[in-house]
Participant: 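Have a look at this one before I ask anything.
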Number of protein chains: 2
Amino acid sequence: MDRAGTPKNRRTTITDVARHAGVSTAAVSKVMRNAYGVSPAMQEKVRAAIAELGYRPHAAARGMRGRTYTIGVLLDNVRNAFFADILDGIRDELRQTEYTVLIGAAGFEPEEQAKTIRAMEDRQMDGLILIAPGTPRDEVLTTAASIPTVVIGHHDAADTHDSVVDADDIGAGLVVDHLVALGHRDIALVSAPGTRTNRWKRTPEIVLSDGYLRAMERHGLAERARVQHAAYSDDGGFEAGMTLLTADRPPTAVMTGADVAALGIYRAAHELGLRIPDDLSLVGYNNTALAALAPVQLTSVDQAGHTMGSSAARMLVERVESRRDRAMRTTMTPRLVVRGSTAAPRVR
Amino acid sequence: MDRAGTPKNRRTTITDVARHAGVSTAAVSKVMRNAYGVSPAMQEKVRAAIAELGYRPHAAARGMRGRTYTIGVLLDNVRNAFFADILDGIRDELRQTEYTVLIGAAGFEPEEQAKTIRAMEDRQMDGLILIAPGTPRDEVLTTAASIPTVVIGHHDAADTHDSVVDADDIGAGLVVDHLVALGHRDIALVSAPGTRTNRWKRTPEIVLSDGYLRAMERHGLAERARVQHAAYSDDGGFEAGMTLLTADRPPTAVMTGADVAALGIYRAAHELGLRIPDDLSLVGYNNTALAALAPVQLTSVDQAGHTMGSSAARMLVERVESRRDRAMRTTMTPRLVVRGSTAAPRVR
DNA sequence: AGCGTTTTGTAAAACGTTCTCTACGGCGAG
DNA sequence: CTCGCCGTAGAGAACGTTTTACAAAACGCT
């Protein structure tokens, strides 16, 4: 019986471990972080005590002085299956380490995203992975100045943060080449509007559009190029599809910047009585599970989300553990995955 | 010039604010938490100083003593669109508050999930929302004893944590009734295997199966009931579909516990040359965006994920702010959404 | 044996909050 | 005019780590 009343089920702290092992807290701390300057005998003793007491360091307390062993991932929404691939990559890379990954799904509002980034900063996270952030570029640079950061998606280079990008321009080229080879000439692109206010000059959408336009030009189809802006969602795709397909001279093929938008276009085509791929060829982007789904069979561009995620995680940890001090960028090469949604156009 | 060298870009702390406003840190702390015992004049002064200095409390430091204003959400994987609905609900409910939501996507391994829960505990989160945790029940109860917790999905009642569930048995009944009304008699269920080792007695899968079996019984079809276990994924559904549809007397209708599994069955049917709904009626569960997709048009059961999420968040905050000390449970009523994947069976 | 150097371990000071006391004024009641 | 009370403010002790600075011990050379 504790005379001071119930001892409560207080957490076992580093002090408990130290006392139990008959050493100082500093020693325990060193063992936990396997820092330099601790003898094998000490290791042994302390580890035993830790195991015996089931000690777990208090992350909040750690955050006060040193690291917090937490990696934050910012994304806008969790519905984009491509992000799931990236997350899996991050998780697989970090599984064997002692870092914990926490995800902030901040929505599309720049202000909400900024709030989430700040929250991660305040929680003293060791490193941040930002997936295509909609936050103003300056804010990201400010953050990156104080926390190791990897930006996924945006092509804008910076010397304060690392980057992982897909060569979206090449991806667009692959698609256009494929469609042209099938005989298409009226090829439209449906892409998210490049947000301009926030000072990112090379968002994935912008790079994709550029690649598309250059490829069309290369095939002498510059004046037939048509870019339709739409949100990357089922409804967004539907509206864009309706606009394009009810125009005076509708395209015979449509490529999109996201699989889910392609499915919206599918719906629009369906509604207008157009069959795919007979009346309309359709191409997605990201090669998510959606594209492979049985009833869909969408031709798409694979950009290896899993690898992007694991690269980002690896790069970030290098920085966090200061094994590297220069910014770097990894570029993935996209690959075309042909499925049933593309075919030669009908002769008219 | 600071004589002690560069002052670094040190965070502004509560001490800075206190000094700048000419008050004590305790006063600032009280204002931040709008606690009792602070005069309007003090309020004014301090708020001004906070604004002027752009002060943000250091969450890690907060975690040492009091709350951390962080809510943790545990889920197995981010691919299940139903979880996205729940997350949106949580986010919308908490948007106007000062709580930050951080998500741990822990994978399906119970051990990984447990690790994530512990990580959230160590980070001193204020409350936890666990979406159908695969962790042993005891561990969840232990956690719930020290942190306010809401469990979504599992029907097992407990007096330590709150629960939000869908009446999955009723949902199953709705589907069976619908299919029987169309004329089906051989109706199979594809469901995730009820994990038994971890001591949850009433997982969603188990409740769903029970509801299915009881409904079949009610229609005098007990001996035709057939439950096939499968992982809730495209591939899992495919395999289950193959098994069922190549059996001696294949079902004319299949219902599943998740939309994504239904799509796998769709693929299996496709491969076997069966058309939907002509040769096979198919029903999903959760009414995710997947079900509504144009080429799919899957009949499904809606369980209002958004509402489940916001309820969970509201209940959790009540507990965190100790406005309630009794455990409670919210049960949602499911609704059948009929689309194109169900029809009368072909006469043989 | 003596001396410098390295290794190993510890005491104690941070870190930025919250929270428990205590002190202080002002004010109404006696 | 004094006494008690109430409401507000502040001092200072936690909270559980990491880290710095230093002492002690061990080691390697002459």
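Per chain, numbering begins at 1; letters A, B, ... match sequence-line order.
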Participant: Rounded to whole Å, please give me the gap between CZ in A:Arg67 and C1' in D:dG16.
Facilitator: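 Rounded to the whole Å, the gap is 18 Å.
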Participant: Can you figure out which of C:dT17, C:dG9, D:dT17 approaches the side chain of A:Arg65 most closely?
Facilitator: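 Given the options C:dT17, C:dG9, D:dT17, the side chain of A:Arg65 is closest to D:dT17.
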Participant: Without decimals, in angstroms, what is the distance between B:Met64 CE and C:dC19 C1'?
Facilitator: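 About 13 Å, once rounded to whole Å.
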Participant: Please determine if a side-chain N or O atom of B:Arg62 lies less than 4.0 Å away from the OP1 or OP2 oxygen of C:dT18.
Facilitator: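 For C:dT18, OP1/OP2 do have a side-chain N/O of B:Arg62 under 4.0 Å.
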Participant: Quick check for you: among D:dT19, C:dT17, D:dG16, whose closest atom lies nearest to any side-chain atom of B:Pro57?
Facilitator: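 My answer, after comparing the listed nucleotides, is C:dT17.
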Participant: Using the closest heavy atom to pick a nucleotide of DNA chain D for each, name whichever of B:Ala61 or B:Lys30 lands nearer the 5' end.
Facilitator: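 It is B:Lys30, whose closest nucleotide lies nearer the 5' terminus.
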Participant: Within this structure, what is the CG-to-P distance between B:Asp122 and D:dC15, rounded to whole angstrom?
Facilitator: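 The answer, rounded to whole Å, is 18 Å.
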Participant: For residues A:Thr15 and A:Arg19, is any side-chain donor paired with an opposing acceptor at under 3.5 Å?
Facilitator: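 Checked: A:Thr15/A:Arg19 side chains show no N/O donor-acceptor pair below 3.5 Å.
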Participant: In whole Å, what is the span from the CD1 atom of A:Ile14 to the P atom of C:dT10?
Facilitator: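 Checked: the CD1 to P distance equals 12 Å.
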Participant: Can you tell whether the side chains of A:Asp138 and A:Arg199 come within less than 4.0 Å, N to carboxylate O?
Facilitator: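 Looking at A:Asp138 and A:Arg199, the cut-off is met.
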Participant: Tell me, which of residues 17-27 of chain B have any heavy atom that sits under 4.0 Å from an atom in DNA chain D?
Facilitator: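 DNA chain D contact set from residues 17-27 of chain B: B:Val23, B:Ser24, B:Ala26, B:Ala27.
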Participant: What are the two closest heavy atoms between A:Thr203 and A:Asp156, and how far apart are they?
Facilitator: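 Here A:Thr203 and A:Asp156 meet closest at N-OD1, 4.2 Å.
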Participant: Mind checking the CD1-CZ spacing from A:Ile14 to A:Arg56? Nearest 0.5 Å is all I need.
Facilitator: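 A:Ile14 atom CD1 to A:Arg56 atom CZ measures 15.0 Å (nearest 0.5 Å).
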Participant: Using a heavy-atom distance cut-off of less than 4.0 Å, which residues of residues 39-47 of chain B contact DNA chain D?
Facilitator: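 Result for residues 39-47 of chain B: B:Ser39, B:Met42, sorted by number.
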Participant: Measure the distance from CE on A:Met32 to P on D:dT18 and round it to the nearest whole Å.
Facilitator: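 So the CE-P distance, A:Met32 to D:dT18, works out to 7 Å.
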Participant: Taking CD in B:Glu111 as the centre, count heavy atoms belonging to other residues, nucleotides or ligands within less than 6.0 Å. Is the count above 12?
Facilitator: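 Yes, the 6.0 Å shell around CD holds more than 12 heavy atoms from other groups.
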Participant: For C:dT7, does OP1 or OP2 lie under 4.0 Å from any side-chain N or O of A:Tyr36?
Facilitator: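 True: A:Tyr36 side-chain N/O within range (under 4.0 Å) of C:dT7 OP1/OP2.
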Participant: A:Arg33 near the nucleic acid: base, sugar-phosphate alone, or nothing, with a heavy-atom cut-off under 4.0 Å?
Facilitator: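 Base: the residue A:Arg33, judged by heavy atoms under 4.0 Å, touches a nucleobase.
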Participant: State whether the number of non-hydrogen atoms from other residues, nucleotides or ligands found under 6.0 Å of B:Glu44 atom CD is greater than 12.
Facilitator: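 No, not enclosed.
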Participant: Name the closest nucleotide to the B:Ser29 side chain, picking from C:dT18, C:dT7, C:dG16.
Facilitator: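 My answer, after comparing the listed nucleotides, is C:dT18.
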Participant: Do we see a donor-acceptor contact under 3.5 Å between the side chains of A:Arg123 and B:Thr70?
Facilitator: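 Indeed, the side chains of A:Arg123 and B:Thr70 share at least one donor-acceptor pair under 3.5 Å.
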Participant: Testing the basics here: between A:Met120 and A:Val73, what is the closest heavy-atom pair and its distance to 0.1 Å?
Facilitator: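 Heavy atoms only, the tightest pair is CE-O, 3.5 Å.
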Participant: Does CD in A:Glu109 sit with more than 12 non-hydrogen atoms of other residues, nucleotides or ligands closer than 6.0 Å?
Facilitator: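 Check fails, neighbour count at 12 or below.
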